[in-house]
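One structure is given below, encoded as structure tokens.
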Amino acid sequence: MPETKHSLSQPSVETANHKKISPSSRYDVVIIGGGAAGTACASSLLKRTKQLRIVIVEPSEHHYYQPGWTLVGAGVFTQAQTIHKTADSLPKQVTWIKAEATTIDPYQRLVSLSNKEQLNYQTLVVCPGLSLNWQAIKGLPEALGQQGITSNYHLDFAPYTWQQVKSLSKGKAIFTQPTMPIKCAGAPQKAVYLSCDYWRQQQHLAQIDVEFHIAGAALFGVSTFVPALQRYIERYGVNLLYNSNLIEVDVNTQTAYFSQTSADGQMETIGKPFDFLHAVPPQQAPAFIRSSPLSNAAGWVDVDPYTLRHNQFDDIFSLGDVASTSNAKTAAAIRKQAPVVAENLLAFLKGHSLTACYDGYGACPLTVEHGKVILAEFGYDGKLLPTLPLNPTIARRSYWQLKTHGLPFMYWKMLLKGHEWLAKPKQRPAEATPKHQTQPSAPSHSNKQQS
Ligand SMILES: Cc1cc2nc3c(=O)[nH]c(=O)nc-3n(C[C@H](O)[C@H](O)[C@H](O)COP(=O)(O)OP(=O)(O)OC[C@H]3O[C@@H](n4cnc5c(N)ncnc54)[C@H](O)[C@@H]3O)c2cc1C
């Protein structure tokens, strides 16, 4: 049961430009999470109407450009290039409450915060991202940053990745990828390619035994891209091991332990000594989402994959990494999701049908070598959705420029600011039922009926 003892007194808040204001506890839109999804969604809403009273609940002083972390781990970006102040990233017209959401009561339309305040909403947008479960790998949290053990999934350690790559000239390098879903499913292998390419340039690659352990059974989820990626695996001489899941790290003996399926189908644990280990933790929805009435069986916010509205609560929307949709969990996906949520949320407030439709677009710029990228763009069911009419499986220098210059610009100056370039939502007829809808939409105001 959600807590009900919190007072309904007005929270102390500040606007994005730091002016103290006295808020009402009821908002047109409460957004949980001011990362890529929450900020983009607020900007897309304000682009359509300035009249909305929007509050963003976001605990962090800093906004991180996570797609840049792979490049920090490869010495291309500095840490600082991926960090902006949250106050500078949020639209000026929103109210920012610097706290964490702790519980959501969709029946009372209440969000409880870590500062013991409560917010009452007319509509709720849930986008607190996902949680990295470092603890799931025994010994890893305390080992990071020592003995060559690193991860680009933690900004503190991405510079250490680059330091260790530069200092390795022989020995064993191990890279890992956990069970899906994870954010940017291509990021674990981007670390493999960029590290190997550096070792190749330094003529060290022949002395380094490289292994890439994948917990699943495929190199990449969209089969079109696998042959091109496989060629890079072979070019770098990487030993690819499927169904091999990192479960423990021993920092003292520099040994990684993997759970693997043996030839006779038995699970066994294999220990591998290493000189360098790039580990990626398993990922899940944040605990307060998993324990809320909003989650599906797997813990993600249970939304219609096309409208991005909650399947049970009509006044709740979700986008970004926490949503149950099967798209690639990427900032690229949010570029297409934010306008859809903005249009559908405003339609809901006006009592209209929801017609804006998300096609599952996501993109993964696979940095297969320094200076070249394979740009994988695809939607639901792995349907290829290339922005440009070019063969998407070819590694291109122009896409490296896009990755290192174009996309960061688009993120900070367009996505977060509500400039929806090439992101106009597709429309569907008001009464149509999309063929992939997993559950029928709940009746209007179904949350009221359950309160
Ligand atoms: C190493 C790496 C490489 C990547 N590469 C790419 C790439 O090349 N291309 C690409 O498009 N994407 C890439 N991504 C993925 C991309 O960064 C994410 O998909 C995107 O940031 C998700 O946005 P989000 O808003 O859902 O979550 P986030 O951006 O993580 O934001 C979530 C926000 O919610 C806040 N929050 C958390 N809990 C609470 C709470 N209880 N209450 C209130 N607020 C809360 C957090 O402080 C955070 O600010 C990469 C990610 C990583 C880690």
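Because only heavy atoms are used, hydrogens play no part in the values below, and waters and symmetry mates are left out as well, while side chains stay in. Read the numbers this way: they start at 1 and go in the same order the structure lists the ligands and their atoms.
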Contact summary for Q189 and L229, nearest pair of heavy atoms: OE1-CD1, 3.6 Å
Candidate list L388, I374, L390, test side chain to side chain contact (heavy atoms under 4.5 Å, CB included), partner R396, passing option: L390
Per-atom contacts of ligand 1 with T70, taking only distances under 4.0 Å to non-hydrogen atoms: 3 (C)
Per-atom contacts, ligand 1 versus I32 - under 4.0 Å to a heavy atom: 42 (N), 43 (C)
Nearest-option assignment for atom 9 (N) of ligand 1, heavy atoms, candidates G320, P67, A158, A99: P67
Validation row, ring centre W412 to ring centre H63 under 6.0 Å: yes
Distance from atom 43 (C) of ligand 1 to nearest protein heavy atom, with residue and atom: V57 O, 3.3 Å
Protein residue, atom and distance nearest to atom 31 (O) of ligand 1, heavy-atom basis: G35 CA, 3.3 Å
Option among L113, V125, I56, I104 that satisfies the side chain to side chain contact (heavy atoms under 4.5 Å, CB included) test with I32: I104
Partner residues of E369 under the side-chain contact (heavy atoms from CB on, under 4.5 Å) criterion, sequence neighbours left out: D197, Y232, R235, Y236, K372
Per-atom contacts of ligand 1 with Y153, taking only distances under 4.0 Å to non-hydrogen atoms: 53 (C)
Subset of ligand 1 atoms that lie under 4.0 Å from at least one heavy atom of F288: 40 (C), 41 (N)
Per-atom contacts, ligand 1 versus P365 - under 4.0 Å to a heavy atom: 8 (O), 9 (N)
Proximal ligand 1 atoms for N152, defined as those under 4.0 Å from one of its heavy atoms: 1 (C)
Any donor-acceptor pair under 3.5 Å from S112 side chain to Q118 backbone: no
Closest to atom 32 (C) of ligand 1 among P128, A333, A287, G362 (heavy-atom distance): P128
Any H63 heavy atom less than 4.0 Å from ligand 1: no
Which residue and heavy atom of the protein sit nearest atom 27 (O) of ligand 1, plus the separation: G129 CA, 3.4 Å
Ring geometry between F220 and F378 (parallel below 30°, tilted from 30 to 60°, perpendicular above 60°): perpendicular
Y380 ring center near Y361 ring center (under 6.0 Å): no
Nearest protein heavy atom with distance in Å, relative to atom 25 (O) of ligand 1: A37 N, 2.8 Å
Close approach, P59 and ligand 1, non-hydrogen under 4.0 angstrom: yes
Those atoms of ligand 1 less than 4.0 Å from some heavy atom in K329: 15 (C), 19 (O)
Nearest option to atom 19 (O) of ligand 1, as decided by whichever heavy atom of L407, I334, D321 sits closest: D321
Minimum-distance pair of heavy atoms, taken over all atoms of V76 and Q81: O-OE1, 4.3 Å
Candidate list Y198, Y160, F175, test ring-ring contact (aromatic ring centres under 6.0 Å, His included), partner F276, passing option: F175
Main-chain N/O of S292 paired with S295 side-chain donor or acceptor, under 3.5 Å: yes
V322 near ligand 1 by a heavy-atom separation under 4.0 Å: no
Any residue meeting salt bridge (charged side-chain N to carboxylate O under 4.0 Å, His left out) with E343, in chain and number order, not counting sequence neighbours: R48
Protein heavy-atom partner closest to atom 41 (N) of ligand 1 - residue, atom, separation in Å: A101 O, 3.0 Å
Shortest protein contact, atom 12 (N) of ligand 1 (heavy atom only): A331 N, 3.1 Å
K190, E58, Q66: member with heavy atom nearest to atom 28 (P) of ligand 1: Q66
Pick from A332, C184, G68: the one approaching atom 6 (C) of ligand 1 most closely through a non-hydrogen atom: C184
Qualifying residue for ring-ring contact (aromatic ring centres under 6.0 Å, His included) with Y411, from Y65, W421, Y64: Y65
